[in-house]
Number of protein chains: 2
Amino acid sequence: MVHPTSQHNRATGLAKQKTNEKSKAKRVLRWQRDPEGMRLRILEAAKQEFAAHGLAGARVDRIAAKAGANKRMLYYHVGNKEDLYLTVLEAAYEKIRAEERSLDLEQLDPPDAIRTLIGFTWGYFLRNPEFLALLNSENLSRAKHLKRSTKVKSMHSPFVEMIRAVVSRGVASGDFQAAVDPVQLYISIAALRFFYLSNSATLSVIFGRDLLNRQAKDERLEHMVALVLAALTGRSPAVFGREQALRVGVPAHTGAA
Amino acid sequence: MVHPTSQHNRATGLAKQKTNEKSKAKRVLRWQRDPEGMRLRILEAAKQEFAAHGLAGARVDRIAAKAGANKRMLYYHVGNKEDLYLTVLEAAYEKIRAEERSLDLEQLDPPDAIRTLIGFTWGYFLRNPEFLALLNSENLSRAKHLKRSTKVKSMHSPFVEMIRAVVSRGVASGDFQAAVDPVQLYISIAALRFFYLSNSATLSVIFGRDLLNRQAKDERLEHMVALVLAALTGRSPAVFGREQALRVGVPAHTGAA
DNA sequence: ACTGTATTTATCCAACAGGTTAATTTGTCT
DNA sequence: AGACAAATTAACCTGTTGGATAAATACAGT
C-alpha cells in the first residue's frame, strides 16, 4: 500500500528525510516523479535482462524490479515486451555508432591505423558485453526486429569507409601489398573479436582454460592485430600469436569448438 | 481417441493399409512400436526447435508435434526439457567431431592443407546451420550445460593438433613465415566463418545486401582463405577478397554491425 | 491365450508470464 | 485551493507451458 520507495531506493533527489513524523504513514515516505530517469532505468534494466536471457528468456517482471519500477511502467513508458526489446537494440546501436564516429585514423600511418581500429573495437566490446548478446539474440530471430527499424538501417558505421581509406593509403604508400574488399575486412575484424568473446564460455570449457583473464585477452588482441597486419603487409611481424607458441607447445587441454 | 498415426504419418514400415475394413475403428489403423526411431525423431525435432528458438524460446509441445509424437514421449525417452537440450547439444558435438576426424591433411602441402581445412569447416557449417544456433544458445547460458557434460569435455577436436602439425610443416618447408599458436589460429579460423554465418541476418540488414546467396558465400570463402594464407605465407596471393575491390568500390550500402 | 513390461496416448493442473484495469498520488497551471 | 493531466501503484485476468497422472495398447516370454 505504501507507495514510498516501494521497490528500490531510487532517491532521485532529496526524497525521503523522515519529514514530518506525525503525518500519516502514507506521507512519511514519498516517491517523486521522474519520467526521463525512469525511462532510462527501464532501458538499462531491460538491456541487462535481454542480454542475460535473450528475448524469450527475459522476464518483464524482472526488468521492472531491476529498474526499481512497476511492471505497468514499462508499458506506460515504452510499450510491450517487443517494443522494449527493439528500443534497447536501437539504443545499443546508437551508442556504438557514436563511439565509432569519435575515432580518427587519418593522422596515423596505415599499420598503426589498423592497430588502433582493432584495439578500439576490442575495447568497446570488452566494456559493453551486453551488445554481443543482444546481437546474438537478434540474429536468433533472424533480424526480424531490425528489419522493422528504419532508425538502425539509417545508422551506417563509419568503419567501412575508414577501412577503405586506410587500405587505400596503405597500398599507395607501399605499406600494404594487397587490396581488400573493405566490407570483407570489416567483417573479418569484427569476427575475430566477436567470436572469441561471444563464444568464450563454450570455448573455455572445451579448451579447459579461461579465455577471459587478463593475459588471455592481451594475447588475443596481439594475435588479431598480428594476423590482420601480416595479411595486409605481407610481412609477418615476427612470430605472432603467443611467443614461442610452437617451440613450447600449448597447455594441457586442446579440444575445440 | 484414435491412436493410429494420430499426429503424423510416421509410417515406420508397412503401417496403415486399410487392413480389415470391418474390425473396430480402434484396430483399423495401428501404431507400431519404434523406440529407437522415436528417440531419433525426438532428438532431430528438438535440435530444430532449440536452434530456431533457443532454450527458453523452445516449446516442448512443438518438439513433440514435429517428432510426430506425444509430449509424454519426450519425458519417457529423454527426460525433461533441459536434459533434452543437453542431449541434443552432445549429439551435435559428436557429429562434428566425427566428421572432423575424417579429414586428412597430412598428404597435402601446407598451403593446400589450410585451404582444405577452411573449406571443410565452411562446408560443414553451411550444411548444419543448427549447430551455430545451438552454440550461441549455450553461450547465452554461459556454458552451464556443457560444464555438466563430461561427454563433451572429453571430445577434443583433432583440429588443433592438425593445425599445429601443418603450421609446423609449413615453417619447416619455408612455405610459412610465421609460427602461430595453433589454438589462436583455430579460434580465428572458426571466428571468420562462424561470425559471418551466425550474424548474417543482422549484417545483411545493416549492409543492405544478401550475404547468403551463392556468390556472396563463394566470395567469403575466398576471402577467408586468402586472409589466412596471406598471413601465414607472407605473400598476399594477388588481390584478395573481391577482385577489383578497391578500384570498383563497393555497392550502395555500407553500414556495419 | 495369458501375463508382465515397454511404449504410447489423452487429459489435467498448477505456476507463470504478459498484458490490462482501475485507483491513487504528484506536479502544474489557474 | 481546485482542477486536470502526468506518473505511479496494486490487483486482476487469461492464455500458455512444463510437467504429471493414469489409462490404453503393443509386444515378448511362457
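Chain A is the first sequence line, chain B the second, and so forth, proteins listed ahead of strands; every chain is numbered from 1. Please read all numbers here as calculations on a predicted model, not as lab measurements. Keep in mind that the numbers below use all heavy atoms, side chains included, and drop hydrogens, waters and symmetry copies.
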Take atom NZ in A/Lys217; do more than 12 heavy atoms of anything else shown fall under 6.0 Å from it? yes
Take the protein atom OH of B/Tyr85 and the nucleotide atom P of D/dG19, then report the distance between them rounded to whole Å. 15 Å
List the steps and the verdict of side chain to side chain donor-acceptor pair (under 3.5 Å) for A/Ser188 and B/Arg220. CA-CA 10 Å; A/Ser188 292; B/Arg220 181 62 191 171; 3.1 Å; yes
Nearest to the side chain of B/Asn70 - C/dA6, C/dG19, C/dT9? C/dT9
CZ (A/Arg62) with more than 12 external heavy atoms under 6.0 Å: yes
Atom CE of A/Met38 and atom P of C/dT26 are separated, to the nearest Å, by 14 Å
Residue A/Arg72, side-chain atoms from C-beta onward, closest of D/dA10, D/dA7, C/dG18: D/dA10
Lys/Arg N to Asp/Glu carboxylate O, B/Glu44 vs B/Lys47, below 4.0 Å: yes
Polar side chain donor-acceptor pair, A/Tyr85 to A/Glu138, under 3.5 angstrom: yes
B/Glu49, B/Gln48, B/Met73 screened by side-chain contact (heavy atoms from CB on, under 4.5 Å) with B/Ile63, the one that passes: B/Glu49
Starting at CZ of B/Arg41 and ending at C1' of C/dT8, how long is that distance when rounded to a whole Å? 11 Å
Closest listed nucleotide, where the reference is the side chain of A/Tyr75 and the choices are C/dT8, C/dT20, D/dG19: C/dT20
Check whether the side chains of A/Arg209 and A/Ser204 place a donor and an acceptor atom closer than 3.5 Å, and report yes or no. no
N/O donor-acceptor pair, side chain B/Lys71 with base D/dG19, under 3.5 angstrom: yes
Tell me the interatomic distance from A/Leu74, atom CG, to D/dT9, atom P, rounded to whole angstroms. 11 Å
B/Met73 side chain: which of C/dT9, D/dG19, D/dA7 is closest? C/dT9
Without decimals, in angstroms, what is the distance between B/Tyr76 OH and D/dA22 P? 17 Å
Report yes if at least one side-chain N or O of B/His77 is closer than 4.0 Å to OP1 or OP2 of C/dA6; otherwise report no. no
Which of D/dA7, C/dG19, D/dG18 is nearest the side chain of B/Lys81? It is D/dG18
Tell me which residues in residues 52-61 of chain A put a heavy atom below 4.0 Å from DNA chain C, sorted by number, or none. A/Ala58, A/Arg59, A/Val60
